[in-house]
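For reference, the structure discussed in these notes is given below.
Reckoned from all heavy atoms, side chains included, excluding hydrogens, waters and symmetry mates. Because the structure is predicted, anything quoted here is derived from the model rather than measured.
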2 protein chains.
Amino acid sequence: MRMDDATPIRAGTAAWWLARTENADDRPRRRRMLSLDLIADTALTVLDTEGAEALTMRRLAQRLNCSQAALYRHVTSRDELVVLAMDRAMGLGLDLPPPGLGWRETSEWQAHSFRDFLLAHPGLVPFLRGTERLGPNSLSGMELWLGQFTAIGLSVREAYATASAFATFVIGSVQFTLGVDSTNPDEQRLRRRLYEGLDPRRHPILTAHAEELSQVGSPEEFAFGLAALLDAVAVRISG
Amino acid sequence: MRMDDATPIRAGTAAWWLARTENADDRPRRRRMLSLDLIADTALTVLDTEGAEALTMRRLAQRLNCSQAALYRHVTSRDELVVLAMDRAMGLGLDLPPPGLGWRETSEWQAHSFRDFLLAHPGLVPFLRGTERLGPNSLSGMELWLGQFTAIGLSVREAYATASAFATFVIGSVQFTLGVDSTNPDEQRLRRRLYEGLDPRRHPILTAHAEELSQVGSPEEFAFGLAALLDAVAVRISG
DNA sequence: ACCTGAACACCGTTCAAGT
DNA sequence: ACCTGAACACCGTTCAAGT
């Protein structure tokens, strides 16, 4: 298979990340006003301060005091920019757990820390599509999880699948939560009314337990899934 | 809190779904060429045949042989259309498991069936944001899960949190998978090269086990997470 | 060698005007 | 009462032209 410059490589694939690291040295030929890092950081700032839908090339150029066209000297498309910014964010979201905890407490702490980070930066969440997975910061996070899970007896393959499941679940549950914020008390009340108004013959449980079910919130759902994953690890290291 | 017509309600919230069902009767005043159902179905067709980025109001109108403006008689925004189409898709993705299986096999079958459906319709996946959660078809799915999990001894609250965790995990893992398709053999080979090229001091495990880790694929990761959730249910019904 | 202005081909949404 | 054409204010991306 030939590597042809004409066929564009999809951002976030192994091929794309690889090409990026291999061409790293011949990058900075001259002093520039702009840098890729600065652009990615500014993108994150825009996401935090103005939300996901504000991340446009025009808005970014405005913040950087340059033309939109100038951005395309550092990045071949908006997609590419998003992938790079997301891996950058993964670096920011990666916090070291307090020492002295057992593996279960450590993993729990990390999952909660990551979730809290994402909830505090909701603008990032729509862009987390797995394409950041092979970026340098994401790989640092993976290395950390691999170290932890292999240290307690999982095989390398198991540790990788486990870490992926954790990441998937945390990101997925935050996306789910932000889709409709169930912490809003009024939303909760209306959800109850919605359940109550259903056809009791087709929805016997939802109608009968409308009040109770309307109270089940995102933290509860997250706690269940997280405990499940931790239990599964416990089973696999003892067996 | 007053319900003001001037303040738009975010699509997918309880308030929005509620208003929709309550105003259902005074909808069809006259015969129309277009219907909401037809529009939503056409949207799904576009997603399946042309992919996620092809779902524009112009493209939709073209398929329906009407003007873009006509769509806005049935839907107040593209967001709304997406939410409705996604709930519709949830109805299509809901398949009844073969009878006679135990709870674990049944749940496993359903999770795989849902995953297969999403993988077969990748155009849907970017739009699953949890906003479809309270739609009629999604609620039918929820009722099904609730029935299963309460039947084996979980409380209603536990059953709801469990079902949510399952849904979150399935959707999240498919999003993750489609972000970068790791079933591509060339991608796998390149991923190995990517791992091998990392700094061994900062990434000791990834570099040492590059080949093995590059082989871990999406089915394996999914199997781990699913087994974990099923184990967790088993623990909770026996304890 | 680097950056820009202006354009191109798209978006979602609105609204006066038609029938 | 219903639908439309045409416009508005945006997008991402390109490229000849500047310095």
Side-chain angles (χ1 to χ4, degrees), chain A residues 5-12 23 26-40 42-43 46-47 50-86 123 126-127 129 131, chain B residues 5-12 23 26-40 42-43 46-47 50-86 123 126-127 129 131:
Chain A
D5 270 23
T7 49
I9 306 174
R10 180 152 74 115
N23 297 345
D26 56 19
R27 275 298 178 97
R29 311 197 182 211
R30 299 217 180 283
R31 281 291 165 113
R32 303 182 191 218
M33 303 295 297
L34 251 44
S35 76
L36 197 50
D37 288 351
L38 181 60
I39 294 175
T42 309
V46 170
L47 288 179
E50 304 178 58
E53 64 287 345
L55 184 57
T56 68
M57 300 305 265
R58 276 168 176 79
R59 190 74 199 83
L60 209 50
Q62 200 177 324
R63 281 246 189 190
L64 290 160
N65 286 322
C66 69
S67 71
Q68 313 164 41
L71 298 173
Y72 287 89
R73 305 216 119 253
H74 300 84
V75 123
T76 67
S77 69
R78 181 175 178 273
D79 263 14
E80 233 184 54
L81 166 68
V82 166
V83 171
L84 291 168
M86 286 311 110
F127 298 104
R129 304 252 160 118
T131 47
Chain B
D5 268 24
T7 47
I9 306 174
R10 178 150 77 114
N23 297 345
D26 56 20
R27 275 300 178 95
R29 310 197 182 209
R30 299 220 179 281
R31 283 290 165 113
R32 304 183 193 216
M33 306 293 301
L34 251 47
S35 76
L36 197 51
D37 288 352
L38 181 60
I39 294 175
T42 308
V46 171
L47 288 179
E50 305 179 56
E53 64 287 346
L55 183 57
T56 68
M57 300 305 264
R58 276 168 177 80
R59 189 76 199 79
L60 211 49
Q62 199 177 325
R63 282 244 189 191
L64 289 161
N65 287 319
C66 70
S67 72
Q68 313 165 41
L71 298 173
Y72 288 90
R73 303 215 122 250
H74 299 83
V75 121
T76 66
S77 70
R78 182 174 177 274
D79 263 14
E80 232 184 54
L81 167 67
V82 166
V83 172
L84 291 168
M86 288 308 110
F127 297 106
R129 303 253 159 116
T131 47

| field | Residue pair B/L84, B/L36: steps toward the side chain to side chain contact (heavy atoms under 4.5 Å, CB included) verdict | value | CA-CA 9 Å; B/L84 291 168; B/L36 197 51; 3.9 Å; yes

| task | Would you mind reading off the distance between A/R58 atom CZ and D/dC10 atom P, rounded to a whole angstrom? | result | 10 Å

| query | Taking CG from B/D79 and P from C/dC11, how many angstroms apart are they, rounded to a whole number? | reply | 17 Å

| request: List for me each residue that meets side chain to side chain contact (heavy atoms under 4.5 Å, CB included) alongside B/Y72, sequence neighbours excluded, and say none if there are none. | output: B/M57

| Within a strict 4.5 Å, meaning less than it, do heavy atoms of the B/M86 and B/L47 side chains meet? | yes

| Picking from D/dT4, D/dC11, D/dC15, which would you name as closest to the side chain of B/A69? | D/dT4

| remark: Note: contacts of residues 60-68 of chain B with DNA chain D (heavy atom, under 4.0 Å) are B/C66, B/S67

| B/T76: partners by side chain to side chain donor-acceptor pair (under 3.5 Å), with sequence neighbours left out | B/E80

| Integer-rounded Å distance: C/dG12 P and B/E53 CD | 12 Å

| query | Between A/D37, A/I39, A/L38, A/L81, which is the residue that forms a side-chain contact (heavy atoms from CB on, under 4.5 Å) with A/H74? | reply | A/I39

| said: What's the closest nucleotide to the side chain of B/A70 if the choices are D/dC11, C/dT14, D/dT4? | reply: D/dT4

| note | Note: for A/R59 and A/T76 on DNA chain D, the residue whose nearest nucleotide lies more 5' is A/R59

| Which of the following nucleotides, C/dC2, D/dC2, D/dC11, is nearest to the side chain of B/R73? | D/dC2

| field | Stem segments of DNA chain D by first residue number [Watson-Crick or G-U, under 3.5 Å, at least 3] | value | C:4-8 with D:12-16, C:12-16 with D:4-8

| Could you state the CG-C1' distance from B/L71 to C/dG12, rounded to the nearest angstrom? | 11 Å

| message | Tell me every residue that passes salt bridge (Lys or Arg N to Asp or Glu O under 4.0 Å) with B/D79, counting only those two or more places apart in sequence or in another chain. | response | none

| query | For B/R59, what residues pass the side chain to side chain donor-acceptor pair (under 3.5 Å) criterion, not counting sequence neighbours? | reply | B/E50

| message | Side chain of A/R78 only, heavy atoms from C-beta on: which candidate in D/dC3, C/dT14, D/dG12 is closest? | response | D/dG12

| query | Within this structure, what is the OH-to-P distance between A/Y72 and C/dA6, rounded to whole angstrom? | reply | 18 Å

| query | Rounded to the nearest 0.5 Å, what separation is found between the CZ atom of A/R73 and the SG atom of A/C66? | reply | 12.0 Å

| task | Classify the nucleic acid contact of B/L55 as base, sugar-phosphate or nothing, counting any heavy atom under 4.0 Å across all strands shown. | result | sugar-phosphate

| message | Rounded at 0.5 Å granularity, tell me how far CG in B/L64 sits from CD in B/Q62. | response | 10.5 Å

| request: In whole angstrom, give the distance that lies between atom CE of A/M57 and atom P of C/dC11. | output: 19 Å

